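Keep in mind that this is a model prediction, so the values were computed, not measured. Excluded from the calculations below are hydrogen atoms, water molecules and symmetry mates; all remaining heavy atoms, backbone and side chain alike, are included. Position 1 is the first residue of the sequence; numbering continues from there. Both ligands and their constituent atoms are indexed starting at 1 by order of listing.
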Amino acid sequence: MPDSNDPARITDPRLGSLLISASDHFGVTKHPASWGSAALAFGPPVAGGEVGTLGPYRVVKELGRGAMGAVYLARDTRLDRDLALKVMLPEFTADAEAKERFLREAKAAARISHDNVVTVYEADERDGIPYIAMQLLQGVSLDAFLQNKGAPALRSAVRIAREAALGLAAAHELGTVHRDIKPANLWLEAPRGRVKLLDFGLARPGGADNELTKSGAVLGTPAFMSPEQALGERVDHRTDLFSLGAVLYLLCTRQLPFQGASVGAVLLALGTKEPKPVRAQNVNVPESLAELIHQLLAKDPERRPQTAAAVANRLQEILEQPAGLAAPGTAEGPGAPPAPSNSQVAGADPWTTRTPSSASQRGGHLAAKPGEPRLLRSMAVVAITPPMPPDEEQEEKTTIGATRTVISSGVLWEGTREESRKRAREENARGEDEGADLERPDRPRRRKAKGGARGKKARVIPVLIGTGAAVLVAAFVGVALIVAGGKPKATDSVQQETVKGFTAAKRGDEVSTIGSARKDLKNESPTADGGPIDLLALADPKAHAVLGEWKKNGKSLVGVNPTFPGVLQLPYEPGDEYDIEATVRRVSGDEYFGFQLVAGGHRINVAIDTWPSKGYFSGMGNIAGESLLNNGTGVKGRQLVQAGTDYAVACSVRKGKIDVLVNGTVITSYKGAFTHFWIHSDFRTPNEKALAIQIGYTTPFQIDRLVVTPVSGNGKILK
Ligand SMILES: Nc1ncnc2c1ncn2[C@@H]1O[C@H](COP(=O)(O)OP(=O)(O)OP(=O)(O)O)[C@@H](O)[C@H]1O
């Protein structure tokens, strides 16, 4: 029988056995003592005091360590610029799957170009060391800020969350899910504290598209993890929204939403309990904000706000509310709802609470109760100087007493309260330093490795999360179709036609086709190399699936348990000009839908996507390396692709022109050279000239019809 008080193995009958680094319990990674024993095989250093070299990089000094990697200050000798070099620790490089994932996800992150996401320059492997070269950031992580300065003002908290949501929106748009949103991965960039998201799923050993490793372990940070992630289920972008909700909850209440004296207890709370009302803990939080936080923390992803962009918009509205965010320490304006009568902090501003043990009194997760595991008992008391909000809004500065219980960052400290206080004093001194650095970027930033003082006493506790019954099923749909072909010309231009009253074809109706929708196409000289080709008849899931799970249902092609990305390469290479007609039906969900036509060899990419938050139903994908979904060339208007409904999607590819139609209406016309289209590397197929169907998201879908009609050129059926 496992000892439930033994933090090395916590078994909870409702969650099954758990395997998580308990040091990551609250978002702070520590290292097992054995780490570092396997030395990184860098080349010899260029100058004294440097660590070594890796290809063109001079590895100058270590900046910090995470679960799987060490981050170094490095100099790219080719471009003469400093950067942050994250290298995979030797302990993990033997695991080919972990290595591939490290690089694959880094490459996915590299595609994201957004103000609120750290820029990844390069991800590769040299001398057996997988590495990621990225923008060198000045500032501090939110985690470090919380430890050293305490929680920021409410306005700053909302601003931080909004910027994080904007960064997530950019990532999600490219199909990248972060999976580990927590204060340690929200960087506050000097001098103004602009948020930069770090670590886009970069450190996930094992596992493919869900959180399970080969051994069945779940990885993540329990205090900020979504229930579906904790259960090892497939996750989608909404897992990040849950985690963002947990961060926001923490910033607004100084409490973690799901608490427990052990990892198992936290996970149990995550699966079974609702977080305490935000406003019961901080009456200054406006109702609109509290409501949003609770929605983000909904256990069912369907009940959360559905997109990061929608979250960012709501946070923006909250920032703009005239009396929305009362300054900490001030009474709320007239009309503010009364504080719940059971609020233990009604009338008091928790940000200015001066009682060191106030969190404990409120039953916060840092409350030290007799009998709690020692590891978690004494991690609370930190002396703090007045914090400097990581924001330009100086009037929002919070005044905090000289001593306060820190309940935010979840640092796991072991030791007596006296030891904790001593540590707190050290942290405090350090915090003053870092806060100053945030203000003065010119000043060299002092960094500390996570394996340093803070990590010294921490232990890594293996806990197993079983693969037990799922309580939630995400339903996030997408379908994409990739088609190869096309010829370059000189100039590019995109025309858009606004589709009013776009409606789905009813089941059983004859769906519109290019022929019926476009008279001019009817008159084209038809097939230079044959009549319509039924691609579904040619499709063989066993032989043609590249990624994801596919099967035939009668004549139809079905994406079952689709993963992101899911790709099936069809045995057909189109010629120069052709028409494609498809009937597609999503099986569940009602938000996202994607249907992509891409010419691999010629890099043509035509996408039909609905992104409800952006309110467009777009016809074109990526041009000039930029997603047209972002630059307004798509068709406007909220268009949902409903489950159980047939949609007729068609595309005509002619020399210098592509038309995309849905249910007979032209969505986008593209005229140009096709030279700037590109395909996400995730979706590439072994034969880039062949047609391929791509699943953009993770919802079951069905394709009932897929026909190509060659018009000119040498299309060929592949064996
Ligand atoms: N781009 C960067 N610029 C400057 N410092 C960085 C950068 N990326 C990471 N660091 C520093 O390196 C430390 C380790 O980062 P890393 O991403 O490996 O771990 P983590 O995010 O703290 O933990 P984990 O990856 O286990 O979640 C960070 O805490 C931070 O101090």
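- Closest approach of Val158 to Leu315, counting heavy atoms only: CG1-O, 3.6 Å.
- Counting only distance, with no hydrogens or angles, the side chain of Arg304 and the backbone of Gly245 share no donor-acceptor pair below 3.5 Å.
- For Ser243, the side chain to side chain donor-acceptor pair (under 3.5 Å) test picks out no residue, with sequence neighbours left out.
- Atoms of ligand 1 lying under 4.0 Å from at least one heavy atom of Asp180, given by number and element, are 27 (O).
- Residues satisfying the side-chain contact (heavy atoms from CB on, under 4.5 Å) test with Ala94, not counting sequence neighbours, are none.
- Applying the 4.0 Å criterion to heavy atoms of Trp187 picks out, from ligand 1, the atoms 5 (N), 30 (C), 31 (O).
- The contact set between ligand 1 and Ala84, taken as ligand atoms under 4.0 Å from a residue heavy atom, comprises 1 (N), 2 (C), 3 (N).
- Backbone and side-chain nitrogen or oxygen atoms of Leu137 are examined, and one is located within less than 3.5 angstrom of a nitrogen or oxygen of ligand 1.
- One option in Gln135, Glu189, Lys182 has a heavy atom closer to atom 1 (N) of ligand 1 than any other, and that option is Gln135.
- Just one of Leu270, Asp240, Val235 meets the side-chain contact (heavy atoms from CB on, under 4.5 Å) condition when paired with Gln229; it is Val235.
- Here is the list of ligand 1 atoms found below 4.0 Å of a heavy atom in Gly69: 18 (O).
- Residue Lys86 has at least one heavy-atom neighbour below 4.0 Å for each of these atoms of ligand 1: 16 (P), 17 (O), 18 (O), 25 (O).
- Those atoms of ligand 1 with a heavy atom of Asp199 less than 4.0 angstrom away are 17 (O), 20 (P), 21 (O), 24 (P), 25 (O), 27 (O).
- Using a 4.0 Å cutoff on heavy atoms, Gln138 does not count as a contact of ligand 1.
- Inspection of the Arg58 and Tyr72 side chains reveals no N or O donor paired with an N or O acceptor under 3.5 Å.
- The residues Lys182 and Asp143 are annotated as not salt-bridged, no charged nitrogen and carboxylate oxygen being separated by less than 4.0 angstrom.
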